[in-house]
2 protein chains.
Amino acid sequence: MIGPSFFHATVAVTAPIKGKATSLDIAHLAGVSQPTVSRALRGSPMVNEETRRRIQAIAAQLNYKVDKNASNLRRQHSGTIALLFFEDPTPDDSQINPFFLSMLGSITRACAMQSYDLLISFQQLSTNWQADYEDSNKADGLILLGYGDYLEAQSRLEQLVQQGTHFVRWGAVLPGQPGISIGCDNFQGGHDITTHLIGQGRCDIAFLGHASNHYPEFFERYRGYAQALQQAGSPAQPSLQVDAVTSEQSGYEAVQELLRRKVRFNAIFAASDLIAIGAMKALHEQGRRVPEDVAVAGFDDIPLAAFVNPGLSTVQQDTKLAGQILVQSLLQLIDGEPVESRTIPVKLTLRGSTGAS
Amino acid sequence: MIGPSFFHATVAVTAPIKGKATSLDIAHLAGVSQPTVSRALRGSPMVNEETRRRIQAIAAQLNYKVDKNASNLRRQHSGTIALLFFEDPTPDDSQINPFFLSMLGSITRACAMQSYDLLISFQQLSTNWQADYEDSNKADGLILLGYGDYLEAQSRLEQLVQQGTHFVRWGAVLPGQPGISIGCDNFQGGHDITTHLIGQGRCDIAFLGHASNHYPEFFERYRGYAQALQQAGSPAQPSLQVDAVTSEQSGYEAVQELLRRKVRFNAIFAASDLIAIGAMKALHEQGRRVPEDVAVAGFDDIPLAAFVNPGLSTVQQDTKLAGQILVQSLLQLIDGEPVESRTIPVKLTLRGSTGAS
DNA sequence: CTGAAAGCGCTTACAG
DNA sequence: CTGAAAGCGCTTACAG
């Protein structure tokens with residue numbers, strides 16, 4: 001009973017008591033040097049297999065974990081990506097677009113698969129959101145996410161580029177933008193869904209959403225919408241466009257504005273699903289039936305779109321792919337590889353709100 | 001032109017070129033020792049004000065940021081909280097309960113106010129979610145969030161307690177639980193909303209949601225529901241309870257199950273808003289009017305509840321307060337202060353789905 | 001009020 | 001295959 005195994009057992013019991021185990025503790029117990037422990041645990045090939053097994057066993061017993069701060073400091077790299085989520089105008093605490101939550105989930109997963117941690121931060125556009133994450137070595141790079149006024153954001157982006165910060169942005173992909181952007185094909189999406197509405201026999205199609213350079217994603221959707229109308233021989237009418245940001249409330253109010261204008265419309269293309277859902281609410285309250293009186297379509301395909309009544313026809317963005325590409329592009333950037341902005345295809349998801357099912 | 005100011009200007013231009021500035025660089029430029037720079041920049045009172053200003057100016061010029069890895073290593077503290085979000089059964093990529101997103105937002109804000117960073121991680125209940133965040137010094141403590149099978153999670157929680165990990169959990173607050181829990185008053189919420197339904201003249205009230213120890217939050221809501229019914233003289237009927245997890249799909253299917261059973265019901269209390277929304281969808285498809293034929297109530301008050309048709313009556317959880325208390329409790333725990341589990345009050349938000357407006 | 005010294009726990013050349 | 005040495009960039013006693 002009295003021998004090495006007894007000795008080891010004793011050690012395993014007493015060591016954790018004096019705080020967290022370090023690689024040096026393990027080295028002593030294993031009778032090797034501390035660097036060897038480090039090598040063994042990181043799977044270096046230049047370590048004897050038997051030595052490695054012994055070290056691993058002890059490490060497991062002591063519940064040893066590499067200290068990230070020490071490791072990162074030494075390696076000058078954090079193994080962390082910061083996700084800066086900004087929304088403007090400032091939403092009420094509880095308002096995050098479900099679409100971004102999808103993105104958040106897929107980004108988290110993509111990071112985990114690359115063994116990166118994700119630091120998350122919600123920012124107002126108005127604050128200093130370049131945020132020093134990379135400067136303070138807390139993160140190796142930044143992912144920027146959010147709807148907001150692009151023109152306001154632009155100078156910040158330029159600043160980031162100038163500082164040499166590694167970042168990728170989700171948003172409209174347009175020529176001349178600072179940094180790398182990944183976005184879906186907003187124009188095509190707007191075009192396709194509008195064409196669908198026209199095919200359903202609707203001519204007077206309203207567009208709910210900002211249509212200016214301040215909101216390039218919405219603007220692209222608007223342009224797709226306008227082109228589809230043009231091709232159908234009935235150009236877009238300014239009186240059928242109502243500004244809206246991406247929230248139910250905004251969609252709700254946009255419909256009220258539309259009614260106030262007393263323009264005729266038998267369909268609505270909302271620049272986001274949340275806008276569409278708010279719009280449907282307002283239509284119902286006015287006794288206008290969806291889709292009989294007014295067909296409604298959105299953009300994003302948030303999980304809820306299938307569960308409103310009627311189900312919402314919409315343009316699906318592939319958030320899973322988007323998250324993967326964002327993370328992958330950022331890691332390439334960090335590694336100094338060349339990266340290009342990219343557009344991801346969209347596809348229509350048709351449901352009852354346009355009379356499609 | 002040739003003098004100190006010129007010298008400084010030159011330095012400011014050339015220094016950043018050779019990589020990130022360190023406190024030593026600043027010390028050289030300011031003509032002080034490196035520890036003095038460290039003190040000055042952290043606002044230590046034992047630094048001459050003029051010296052401090054000089055140092056700050058140089059730091060700003062060089063865009064200097066304290067290296068978090070070095071600082072954390074030295075101080076043996078990370079300034080970071082890890083949020084472990086787990087959901088089980090495994091949701092499709094894009095499914096995160098909006099309620100938790102609200103929590104996420106409020107937790108992020110509460111962390112920011114305390115100058116803590118938030119590391120986020122989505123976990124399957126089945127994985128090793130104790131996750132080593134604290135062990136590897138990446139985080140000073142953990143916040144656990146998620147609906148899931150409590151009984152499965154319990155042993156993990158006990159493990160965390162045993163390891164001395166600092167953590168707080170959002171969930172049911174019940175005697176004998178390992179660690180600190182913060183939760184809303186699920187029982188009261190279930191009781192109040194059921195009483196409201198009864199007051200609307202509904203007697204046959206179905207409950208959609210798991211009602212067992214596996215899901216203590218739902219179970220508490222169920223108990224509140226049962227007690228309210230008891231008090232009204234019509235005890236809960238097992239045939240009116242249908243298991244459901246918190247998703248629209250699950251609510252949709254639960255209604256189908258209810259119909260299959262051919263039991264009579266004129267109201268539904270769903271254990272979450274998502275369940276309620278799925279239930280309403282199924283009712284609509286069956287031609288049952290809400291609230292005329294069936295009144296529907298949910299739990300959570302997610303932003304969307306106001307925008308479905310009709311608006312959903314529900315039990316509001318105060319996510320803002322919840323996030324603050326979670327973070328505050330965790331920080332107290334980290335500081336070694338005594339902390340108790342706590343229950344947060346709820347309140348009813350009544351809308352059209354129960355005929356209340 | 002300031003500086004010289006030590007050390008947080010790793011990883012990485014450099015020898016052997 | 002393994003070890004002795006150096007050093008990542010800070011913070012914190014300890015002197016003065």
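What you see is a predicted model, and the numbers here were worked out from it, not measured in a lab. Labels below follow one simple rule: chain letters A, B, ... track the order of the sequence lines, proteins then strands, and each chain is numbered from 1. Side chains are part of it too, since the values below use all heavy atoms of this structure and drop only hydrogens, waters and symmetry mates.
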message = I'd like to know if the side chain of B:T80 and the backbone of B:A139 have a donor-acceptor N/O pair within less than 3.5 Å.
response =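 Such a contact is absent between B:T80 side chain and B:A139 backbone.
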
key: Under 3.5 Å donor-acceptor, B:S44 side chain and B:R39 backbone   =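 No; judged by distance alone, with no hydrogens or angles, the pair does not exist.
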
A:Y150 versus A:P178, closest heavy-atom pair with distance =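 Nearest pair, atom of A:Y150 first, then A:P178: OH-CD, 3.5 Å.
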
request  = Take nucleotides 3-10 of chain D nucleotide by nucleotide from the 5' end and write B, S or -, depending on whether a protein heavy atom sits under 4.0 Å from the base, only from the sugar-phosphate, or from neither.
outcome  = BBBBBBBB

ask   = Given that both distances must come in under 3.5 Å, which nucleotide forms a Watson-Crick or G-U wobble pair with C:dG3?
value =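 Its partner is D:dC14.
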
message = Can you measure A:M46 atom CE to C:dC14 atom C1' for me and round it to whole angstrom units?
response =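 So the CE-C1' distance, A:M46 to C:dC14, works out to 11 Å.
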
query = Do A:S78 and A:N72 have side-chain N/O donor and acceptor atoms under 3.5 Å apart?
reply =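 The answer is no; no qualifying pair exists.
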
request  = Tell me yes or no: between the side chains of A:Q177 and A:R169, is some donor less than 3.5 Å from an acceptor?
outcome  =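 A pair is found: one side chain offers a donor N or O, the other an acceptor, under 3.5 Å apart.
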
